[in-house]
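All values derive from a computational prediction rather than experimental measurement. Protein chains get the first letters and strands the later ones, always in sequence-line order, with residue 1 at the start of each.
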Amino acid sequence: MSGLDKMRETFRRDQVWNFLMPRYTYEDVLDTSKGPILYLEDVTVSFDGFRALDDLTLYINDGELRCIIGANGAGKTTMMDVITGKTRPDHGSVFYGQRIDLLRLSEPEIAALGIGRKFQKPTVFEQHDVLVNLELSMRMDKRVWTTLSARLSGEQRDRIDEVLEIIGLKNEAYKRAGLLSHGQKQWLEIGMLLMQDPRLLLVDEPVAGMTGHETERTAELLTSLAGQHSVVVVEHDMEFVRSIARTVTVLHQGSVLAQGDMDTVQNDPRVREVYLGD
Amino acid sequence: MSYLQQYFQSDRAGNSMLGALLAIAILVPILNLAVPESSVFHVSTYTVTLIGKYLTYALLALAVDLIWGYCGILSLGHGAFFALGGYVMGMYLMRQIGDRGVYGNPELPDFMVFLNWQELPWYWYGFDMFWFAALMVILVPGLLAFVFGWLAFRSRVTGVYLSIITQALTYALMLAFFRNEMGFGGNNGLTDFKDILGYSLQSDYTRAGLFAASALILVLAYLLCRNIVNSKLGRVVVAVRDSEDRTRFLGYRVEYYKLWLFVLSAVLAGIAGALYVPQVGIINPGEFSPLNSIELVIWVAIGGRGTLYGAIAGAILVNLSKTWFTGVLPEGWIFALGAMFVVVTLYLPRGLAGLITRKQAQT
Amino acid sequence: MDHCSAVQKTFSRIRYGSRLLLLLFGLVVAWTNANSVMAETTGFEQIVQSLTTSKFRDKEKAVRELAAVQDKRTMPVLQALLDARLYYRKADKRVVIVERVDGQFRMTDPVTAEELGTVPKRKIKKIGINNKLRKLLKSKLASLSLEGPDPSVRLSAIEQMQGQLDESQYLYIKKLLEQERDDDVRSAMVAALALYELDNGSADQRIKAIEVLSGNLAQVVSNRLQALLEQDDLEKEVRKAAIKALDRINERLKINSIIETTFFGLSLGSVLLLAAIGLAITFGVMGVINMAHGELIMIGAYTTYLVQSVMPNYTDLSLLVAIPAAFLVSAIFGILIERFIIRHLYGRPLETLLATFGVSLILQQLVRTVVSAQNVAVSNPSWMSGSIQINAALSLTYNRLFIFIFAMIVFVALLLILKKTALGLQVRAVSQNRSMAKAMGIRSDWVDAMTFGLGSGVAGIAGVALSQLTNVGPNMGQSYIIDSFMVVVFGGVGNLWGTFVGALSLGVANKFIEPFSGAVLAKILVLVFIIMFIQKYPRGLFPQKGRSAEN
């Protein structure tokens with residue numbers, strides 16, 4: 001039947017086919033007029049019977065900085081996988097703004113819509129220079145033929161310099177990324193995220209392996225990004241969470257256990273029991 | 001310091017390789033044709049053909065290096081594209097024989113007369129024209145690579161899975177081409193060619209011409225590949241090799257990049273095959289054998305993958321030693337080849353090129 | 001009937017009884033037989049000796065007397081006479097059965113079964129027969145075997161007579177049918193009678209005969225029915241019945257051929273299973289492809305060959321010895337490969353693939369240099385040759401059957417090893433999460449070596465099985481590596497049941513496509529199918545799920 005449905009979908013009379021549509025950037029399609037930029041509703045993911053996400057429902061407001069905490073296996077990374085298109089849920093819906101159904105899109109399409117992700121384990125292109133890492137991340141047309149003939153414009157060069165400044169890797173611009181320290185790689189990945197100029201940032205454990213000073217600067221950076229961008233941070237470091245969080249969501253066994261500001265959450269008896277209790 | 005400068009400087013070895021290739025493209029034909037046979041500087045036609053063959057192998061190795069060295073796609077079936085290019089050229093050469101075959105049939109190649117076929121199969125039409133055949137040299141391997149790659153990359157078949165499927169592909173093609181019913185000469189393949197573009201294949205001039213063409217096309221292909229790997233696309237491709245997922249999350253359609261590169265590589269391999277066939281004078285299903293495809297991977301590995309000049313050097317070196325071995329110690333060659341696989345992967349992961357750059361770095 | 005044939009009848013009946021009874025009765029029968037033989041030897045010998053006469057009338061008399069003697073030595077003599085192998089020595093006129101060996105004649109005494117050595121042709125003379133005598137011999141031989149003690153002899157005799165009965169034989173068999181007890185022989189007799197009636201009976205009789213024959217798969221039956229339909233003056237009802245009967249026969253033949261194809265498919269599948277399961281283990285646990293896997297199979301096959309050459313007089317036993325030997329030899333090779341190569345390439349699967357391919361080249365060339373570049377002959381033990389006859393049109397060969405059973409045993413054994421032993425537990429732990437297993441104190445390098453040894457050993461066992469089916473040569477392994485990998489990919493990595501289902505279904509599919517497309521095209525089609533299949537299900541039929549599986 002699905003074939004027939006696809007036919008019907010293709011020949012619906014009231015629609016404009018994709019290839020006839022003018023090319024919009026995501027700002028044109030993204031509709032956050034109702035407040036939230038991300039809607040996750042009843043999302044369930046199971047691996048061989050184990051439910052990594054269990055009817056998870058979560059909304060992220062536009063311009064918000066949200067921290068998500070939870071024990072190992074609470075489903076934090078799986079949630080990010082679902083949002084970025086890496087894992088398809090068994091059921092549930094994930095909408096980006098009012099109109100964009102993320103479950104129908106592939107990872108690159110989702111990334112092109114302005115959803116950037118920093119991985120738990122810093123993943124940078126180790127064989128490339130820091131500069132190239134940033135260049136590749138830059139928001140631009142990423143189709144094959146345009147990429148083949150792409151040259152850096154002065155403006156883009158400036159943007160790269162700017163980000164190099166922010167992440168403090170100006171002197172390492174021509175160094176192979178594989179040779180950076182763990183903390184520097186974290187910064188580089190944050191830099192790559194900035195280069196993407198995303199609307200929604202998903203940041204998985206950004207301060208692991210950073211010094212106290214660096215942690216502070218990361219907190220500063222993330223706070224400054226909020227407002228213009230929406231930021232979702234997954235973190236274990238409670239000090240760090242306390243220092244940046246306005247709203248905290250606690251995940252437990254794949255669904256939301258509690259939500260609110262840091263103090264409310266910390267005083268929640270259920271949270272104390274499963275997470276902070278010890 | 002700009003990127004381009006950096007990349008050009010790092011490719012000193014490549015530049016000297018280009019120079020050498022251009023030099024032999026001109027010198028070898030001259031030494032063969034203009035220098036009298038009695039002179040010590042004379043290069044025999046046999047040698048010309050032999051080196052010409054190596055040059056087509058080098059082009060094939062370049063094609064493999066482009067996808068393996070830069071994109072991490074280990075194809076164990078690139079011999080298939082080479083052979084397809086060769087078969088296309090073989091079909092053209094077959095049609096050029098005309099009525100000079102053993103059976104003297106102006107339309108049908110000998111093997112079809114032998115099989116009692118009455119008329120030319122439809123897929124043999126057009127191959128009497130060189131331009132058509134030349135187009136097919138590009139289209140046939142390109143199209144196969146496109147369909148195969150589209151299916152494989154879209155469903156994210158990677159790593160050893162991809163390697164083995166490509167091997168299965170060439171294996172299946174080998175079985176298919178062994179069948180007489182396919183209409184490509186079965187076991188014996190296509191052979192007994194007479195001339196190309198009206199020039200006799202036996203003549204020294206034609207051979208020298210084919211040699212020069214092989215060298216020049218290799219130079220052009222090298223320049224093309226170097227431009228690609230030095231472009232932003234080249235950097236994306238390396239990014240795909242090192243972390244495919246990350247590249248995807250940056251918004252790159254990884255499968256399209258892979259497909260693009262894979263098709264290009266297949267086309268280069270096809271061209272190599274088309275240059276190979278008129279020089280060796282035969283193409284048969286043995287060229288599809290999985291062993292050939294995997295052997296050419298070792299040329300690249302020995303030369304040093306991820307360096308285009310390394311692939312070329314590797315192909316020529318390994319084949320030189322193969323020629324030497326099969327002359328002196330035929331049983332030894334397989335041992336040597338096997339040992340090469342083991343030693344290179346264990347001790348020389350970056351090949352001879354890696355060895356040289358490490359030496360340079362030390363001094 | 002005298003007491004001797006009664007004993008023989010009893011004997012034939014108790015063949016279906018218990019072993020012990022058989023043994024006891026056997027002793028008794030042997031004893032009574034021995035007595036009667038002693039008593040009759042002189043008579044028997046005299047009659048045989050009387051065959052040397054030159055008069056055909058006397059020979060005929062001797063044949064009739066021989067047939068009446070009811071001695072089990074009779075049939076060989078008569079058969080030899082019919083086949084022109086009965087001679088007498090010119091020197092002493094002693095009758096001998098001869099067999100031609102290298103231009104000489106090896107003689108056997110028909111009375112005492114004693115070997116009398118070989119002589120040149122000029123020292124002996126053939127006992128000639130004429131047409132009349134030949135006819136007599138044939139009918140006497142037939143009736144002797146039809147009344148003989150061994151049901152299988154009776155069966156083959158009646159099958160040979162089907163469709164060629166004359167009236168006297170028809171009546172004779174009709175009489176025999178009344179006392180026949182063996183079901184198979186009975187139905188063969190009924191068919192033979194019906195075939196006679198088909199040609200010679202009234203319309204009613206013919207229809208009845210057709211009904212009897214309907215569903216009978218013997219070639220002669222369908223031929224006869226076919227011939228019947230070609231007669232122009234055939235009665236309508238008879239024609240109708242014949243068409244119906246033929247349809248039923250064809251239907252049953254079709255079912256038979258499906259069963260047969262399935263059997264061939266399962267047989268191929270079991271070979272694939274044996275070849276692939278070792279690969280499945282190493283690939284599943286270590287994530288590396290051992291391209292030398294095919295050569296480990298080859299080594300197993302060559303081990304079988306070596307074991308056979310060491311014990312040439314014990315072919316039957318040697319195969320049983322070869323199984324553990326091949327396991328050990330291949331396992332040792334496998335462990336060496338793991339220790340010296342694969343271990344150093346951990347985390348670089350593509351390099352492992354290349355390096356092990358190099359090993360496969362070296363192993364092949366080693367065999368070519370040390371043994372021979374030619375194929376070697378591995379003989380089948382007697383218990384592997386022959387076949388089971390299911391019905392007239394369907395027989396299953398023992399070697400395929402045994403290899404199928406053998407593959408099942410190996411599969412179950414591996415399942416048990418992985419499920420029930422400490423090694424199995426550790427192997428599963430490492431394959432699911434290597435670093436975690438390491439943290440739990442599992443020596444993962446030891447587990448790797450053992451896993452590799454196990455997988456390689458199974459490859460060796462597969463080689464033993466393959467040596468019974470195909471040629472054993474240096475290249476034999478190569479053809480299995482792609483197939484094996486296809487099976488593993490199709491079934492899903494890290495899942496023995498997946499390999500099981502994958503191997504058997506691919507084997508059966510291959511054999512079912514073959515009749516339509518030929519063997520080569522079937523192979524191509526299966527390869528293309530798998531290439532398409534991986535597009536849709538990149539992780540095979542039975543994928544491992546979870547976050548760890550996706551990286």
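- Rounding to the nearest 0.5 Å places CE of B/Met174 at 10.0 Å from CD1 of C/Ile524.
- In this structure, B/Glu181 CD and C/Leu521 CG are separated by 9.0 Å, a value rounded to the nearest 0.5 Å.
- Contacts with chain B (heavy atom to heavy atom, under 4.5 Å) involve these residues of residues 482-492 of chain C, listed by number: C/Ile482, C/Phe485, C/Met486, C/Val489.
- When the heavy atoms of residues 286-293 of chain B are compared with those of chain C, the residues falling under 4.5 Å are B/Pro290, B/Leu291, listed by number.
- Near-neighbour residues of residues 347-360 of chain C relative to chain B, defined by a heavy atom under 4.5 Å from a heavy atom of that chain, comprise C/Arg348, C/Pro349, C/Leu350, C/Glu351, C/Leu353, C/Leu354, C/Ala355, C/Phe357, C/Gly358, C/Val359.
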Exercise for the section: Verify side-chain contact (heavy atoms from CB on, under 4.5 Å) between B/Phe178 and C/Val520, making sure each step is shown before the conclusion. Expected result: CA-CA 9 Å; B/Phe178 266 122; C/Val520 176; over 6 Å; no
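- Heavy-atom minimum distance, C/Ile289 versus B/Val160: CD1-CB, 3.7 Å.
- By number of non-hydrogen pairs under 4.5 angstrom with chain C, the leading residue of B/Val342, B/Leu151, B/Leu175 is B/Leu151.
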Practice task
Go through the steps to decide whether B/Ile294 and C/Met291 satisfy the test side-chain contact (heavy atoms from CB on, under 4.5 Å), and finish with yes or no.
Solution key: CA-CA 11 Å; B/Ile294 201 166; C/Met291 290 293 273; 4.1 Å; yes
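- Close approach to chain C, defined as a heavy atom under 4.5 Å from one of its heavy atoms, is seen in B/Trp68, B/Gly72, B/Leu74 of residues 62-75 of chain B, taken by number.
- Rounded to the nearest 0.5 angstrom, C/Arg368 CZ and B/Phe335 CZ are separated by 9.0 Å.
- Summarising the geometry of C/Phe340 relative to B/Leu346, their closest heavy-atom pair is O-CD1, 3.8 Å, with the distance given to 0.1 Å.
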Exercise for the section: With side-chain contact (heavy atoms from CB on, under 4.5 Å) as the test, would you mind laying out the steps for B/Ile334 and C/Gln364 before giving the verdict? Expected result: CA-CA 9 Å; B/Ile334 299 284; C/Gln364 275 177 36; 5.7 Å; no
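- If you tally non-hydrogen atom pairs under 4.5 Å between each of B/Met340, B/Arg156, B/Glu331 and chain C, the highest count goes to B/Glu331.
- Other residues, nucleotides and ligands contribute over 12 non-hydrogen atoms within 6.0 Å of the CH2 atom of B/Trp124.
- Contacts between B/Leu173 and chain C at a heavy-atom distance below 4.5 Å are absent for every atom of the residue.
- C/Leu366 touches chain B through backbone and side chain together, each having a heavy atom under 4.5 Å away.
- The local environment of CZ in B/Arg350 is sparse, with at most 12 non-hydrogen atoms from other residues, nucleotides or ligands closer than 6.0 Å.
- Heavy-atom contacts from other residues, nucleotides or ligands closer than 6.0 Å to CZ of B/Phe184 number more than 12.
- The contact between B/Val297 and chain C is made entirely by side chain atoms (from C-beta outward), counting heavy-atom distances below 4.5 Å.
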